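Notes for the one structure printed next.
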Amino acid sequence: QVDVTAMARLFGYVDVTDSGFVVAVLSVAFNPLFWNVVARWEHRTRALSRVFGSPRLACYCLGAVILMLNCLRSHCFTEAMKSQPKLEGLDCHWAYYSGLAILAVGTLFVISSFLALGFIGTFLGDYFGILMEAKVTSFPFSILDNPMYWGSTAIYLGWSLM
């Protein structure tokens, strides 16, 4: 038998019927699914590289689409957070500043990952046949295996606390 009281208490603070919440959840799920499906399709067929005339241009275009989808996801997430019930215990300075600190660390990981990988390395260049000369082992990869994912997660967690 499983005790579901904690989960029931948690769902008391989340309005899953809110359309903004549903759109945010769908956008959070859709983005990585989209870019992974498109990147694997490109790797198998090289169709985008042919359409755009070069793998680099195709990668830059996919990267631009991913960035736009991420902006949309962030907007949907922010709007959903505004419409959800708030925990009274988190309506204080320590929660705000803790969220700000977590957001800052997440931003550090995301930006430093981007700078270490470059645009093409960040936006799936390997699926387009554009490989880096060597594995990136500098910060933040020296302390985390997936700093872009951890950083993005920290950003959303920090934003939620704020």
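Nothing here was measured: the structure is a model prediction, and the numbers come from that model.
Note: Ile102 CD1 to Thr107 OG1 = 11.5 Å, rounded to the nearest 0.5 Å. Here OG of Ser112 is found 8.0 Å from CE of Met148. Values are rounded to the nearest 0.5 Å. Annotation: the span from Asp18 atom CG to Glu79 atom CD amounts to 10.5 Å, rounded to 0.5 Å. Atom OH of Tyr60 is separated from atom CD1 of Ile130 by 8.0 Å, given to the nearest 0.5 angstrom. Considering CG of Leu103 and CG of Leu108, their distance stands at 11.5 Å, rounded to 0.5 Å. Residue Trp35 holds its CH2 atom at 8.0 Å from CG of Leu124, rounded to the nearest 0.5 Å.
The minimum heavy-atom distance between Pro55 and Ser49, with the atom names listed, is CA-OG, 3.3 Å. Of all heavy-atom pairs between Cys76 and Val23, the closest is SG-CG1, 3.6 Å. Here the closest non-hydrogen pair linking Gly106 and Ala154 is CA-CB, 3.7 Å. Of all the heavy atoms in Lys86 and Met81, the pair that sits closest is NZ-O, 4.0 Å. Residues Leu144 and Pro147 share a closest heavy-atom pair of O-CD, 3.7 Å.
A 4.5 Å side-chain heavy-atom check between Ser74 and Phe77 finds every atom pair outside the cut-off. The shortest distance between side-chain heavy atoms of Thr78 and His75 does not fall below 4.5 Å. A heavy-atom distance below 4.5 Å is found between the side chains of Ser152 and Val110. Val65 places a side-chain heavy atom less than 4.5 Å from the side chain of Phe34. With contacts defined as side-chain heavy-atom distances shorter than 4.5 Å, the pair Leu117/Phe141 qualifies. For the pair Val14 and Phe21, the minimum side-chain heavy-atom distance is below 4.5 Å. Residues Tyr156 and Arg73 form a side-chain contact, since some pair of their non-hydrogen atoms from C-beta on lies under 4.5 Å apart. The closest side-chain heavy-atom distance from Phe128 to Arg56 is not below 4.5 Å.
A chain of hydrophobic side-chain contacts below 4.5 Å, direct or via other Ile, Leu, Val, Met, Phe, Trp or Tyr residues, connects Leu48 to Ile120. In terms of hydrophobic clustering, with Ile, Leu, Val, Met, Phe, Trp and Tyr side chains grouped at heavy-atom distances under 4.5 Å, Leu90 and Trp159 are assigned to different clusters. Taken together through direct or relayed side-chain contacts under 4.5 Å among Ile, Leu, Val, Met, Phe, Trp and Tyr, Trp150 and Phe139 form part of one hydrophobic cluster. When hydrophobic clusters are built by joining Ile, Leu, Val, Met, Phe, Trp and Tyr residues whose side-chain heavy atoms come closer than 4.5 Å, directly or via intermediates, Leu157 is not grouped with Val105. Linking Ile, Leu, Val, Met, Phe, Trp and Tyr whenever their side-chain heavy atoms come within less than 4.5 Å puts Trp41 and Ile66 in one cluster.
Around atom CZ of Arg46, more than 12 heavy atoms belonging to other residues, nucleotides or ligands sit under 6.0 Å away. Dense packing is recorded around CZ of Phe30, with more than 12 heavy atoms of other residues, nucleotides or ligands lying under 6.0 Å away.
Ring pair Tyr97/His93 is parallel by interplanar angle, where below 30° counts as parallel and above 60° as perpendicular. Using the six-membered ring where Trp is involved, Phe119 and Phe114 have ring planes that are perpendicular, over 60° apart on the 30 and 60° scheme.
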Check your understanding: Please walk me through it: do Leu67 and Phe123 pass side-chain contact (heavy atoms from CB on, under 4.5 Å)?
Key -> CA-CA 9 Å; Leu67 284 171; Phe123 293 106; 3.6 Å; yes
Exercise for review: Take Leu62 and Phe52, measure what side-chain contact (heavy atoms from CB on, under 4.5 Å) needs, and give me the verdict at the end.
Suggested key: CA-CA 11 Å; Leu62 177 60; Phe52 287 98; over 6 Å; no
